[in-house]
Every structure is written in C-alpha cells, then in structure tokens.
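Basis for what follows: all heavy atoms, side chains included, without hydrogens, waters or symmetry-related copies. Note on naming: letters A, B, ... go to the chains in the order of the sequence lines (proteins, then strands), and numbering restarts at 1 for each one. Everything numeric in this text was worked out from a predicted model, so none of it was measured.
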Amino acid sequence: DGGITQSPKYLFRKEGQNVTLSCEQNLNHDAMYWYRQDPGQGLRLIYYSQIVNDFQKGDIAEGYSVSREKKESFPLTVTSAQKNPTAFYLCASSISHYSYNEQFFGPGTRLTVL
Amino acid sequence: ELKVEQNPLFLSMQEGKNYTIYCNYSTTSDRLYWYRQDPGKSLESLFVLLSNGAVKQEGRLMASLDTKARLSTLHITAAVHDLSATYFCAVDMKTSGSRLTFGEGTQLTVNP
C-alpha cells in the first residue's frame, strides 16, 4: 500500500527535551511538508522540502529543525527552543513542489508537553 | 501575503437541508483545494479545482471556483449525519509551487 506514515501517534515531552517526529512516504513524491495544527484552527506550515538535501522554512519555523537525507523520509525535531509545542503535527507530500499538486497527509502525531 | 478566509466557521444544520460554505482568498490564484477532517484525524482530500469556473461534485458535496471573485464554494445538498466534520479550503499560488495556505476551517454538525 502506498501512503504516508507518521510515528509515534502520541508523544509526550518534558520541558527542555528535544523530540523527533518521524514521517515516511512510499509514494515516490519529491516534495514533503510539515504542518502544525492547534485546537480549532487551520494548518500552519513549519518546513517544506522540494527535493532531497534541500528544505525551506515555512511560516512558523522557529524552534523546529528538519533534515531530508532520503527521498522517503522527512523527520521533524521539536527543540527546547519551541516554547509552546503542544499541538497536532501533520506531515504531507506531493509529487512535486514546482507544479500544482494536491498534498496527501499522514495520520498525524499528537505532541503533549508535560 | 496570501490570506484565506472561510465562513461560517461553525455550522449546525438539520439532516435533509442544503447549505453553502464560502472560501475567500486575497490574491490571484487558480488552484484551490478542499479537505475534510474528522475529529482527531488527518486531512482527506475532497476536491482539486484548477481553473476559473471549475465545478466538481462527489455525492452530496459540490465545489466551485470563481477566480475573478477569488471565491470558492462548497455546497452541501440534503445533508446527512456522516457529513459532520471540519472542512478546510486551501489555496496556492503559481509562484509558490504547491505550498498551501489554509483557511481556518468550517466545523459542520449535521443533526438528525
């Protein structure tokens, strides 16, 4: 089955800890994206990657970091510099960033700071 | 900066009724997407609208795009309880590739 997987489904973080959220896709898509969703709100773009070994900041990149060493994988690290990280995190992919393409979403990771 | 506004943000309707959700956006674009999100779940793609006058229908939902008015509508016909969800529109601009800007979402509740 082709699709996007995210792990873990639920994640708890203590103050001052860095945590990494996994996102993997087997759709052979070039572009991948990370969004944050707060309760009752829309999605805000954190980072996106158009191609392997390249990524750009989105609208709310502060306190987050990413890497894109493989086409299939786009992990997101939530650092201790992110002051309010409790949220629902969604990873998405599309065929290419350079033309219109609908984005397909993974199941999400719900991060809670204890 | 591209801004996307949806209205209403909350919609409670009875089964069997019709209603329309509106999505306005601030800059020129001819690519608009509608997504559905069930509580606690991810987003599911509903419609992709890629040109002025585009109309797409799936079951009781119909989406349209008017690029001159910078407006898309999602029309619900004879609502059923299974349509209860949050609906998002998202817009991208040709200059930004497929980077999407999302509206705040419309939370739809269909009551028996």
Take atom CD in B:Q57; do more than 12 heavy atoms of anything else shown fall under 6.0 Å from it? yes

Could you check whether atom CD of B:E104 has more than 12 heavy atoms from other residues, nucleotides or ligands sitting under 6.0 Å from it? no

Counting only non-hydrogen atoms closer than 4.5 Å, does B:L9 touch chain A with its backbone (N, CA, C, O), its side chain (CB onward), both, or neither? neither

To the nearest 0.5 Å, what is the distance between CD on A:E102 and CG on B:D92? 11.5 Å

Between B:Y35 (side chain) and A:Q103 (backbone), is there a donor-acceptor pair under 3.5 Å? yes

If you group Ile, Leu, Val, Met, Phe, Trp and Tyr by side-chain heavy-atom gaps below 4.5 Å, do [X] and [Y] land in one group?
| X | Y | answer |
| --- | --- | --- |
| B:V110 | B:Y19 | yes |
| A:F12 | A:Y64 | no |
| A:F55 | A:I60 | yes |
| A:I46 | B:V4 | no |
| A:L11 | A:Y89 | yes |

Using side-chain contact (heavy atoms from CB on, under 4.5 Å), reason through B:L100 and A:L43 one step at a time and then give a plain yes or no. CA-CA 9 Å; B:L100 299 180; A:L43 277 66; over 6 Å; no

Of all heavy-atom pairs linking B:S42 and A:F105, the shortest is OG-CB, 3.2 Å

For A:Y48 and B:R99, which heavy atoms make the closest approach, and how far apart are they? CE2-NH1, 3.7 Å

Side chain, backbone, both or neither of A:L90 within contact of chain B (heavy atoms, under 4.5 Å): side chain

Need one label for A:R110: side chain, backbone, both or neither, based on atoms under 4.5 Å from any heavy atom in chain B. side chain

Quick check on the interface: out of B:Q37, B:K41, B:E44, who has the most heavy-atom pairs with chain A under 4.5 Å? B:Q37

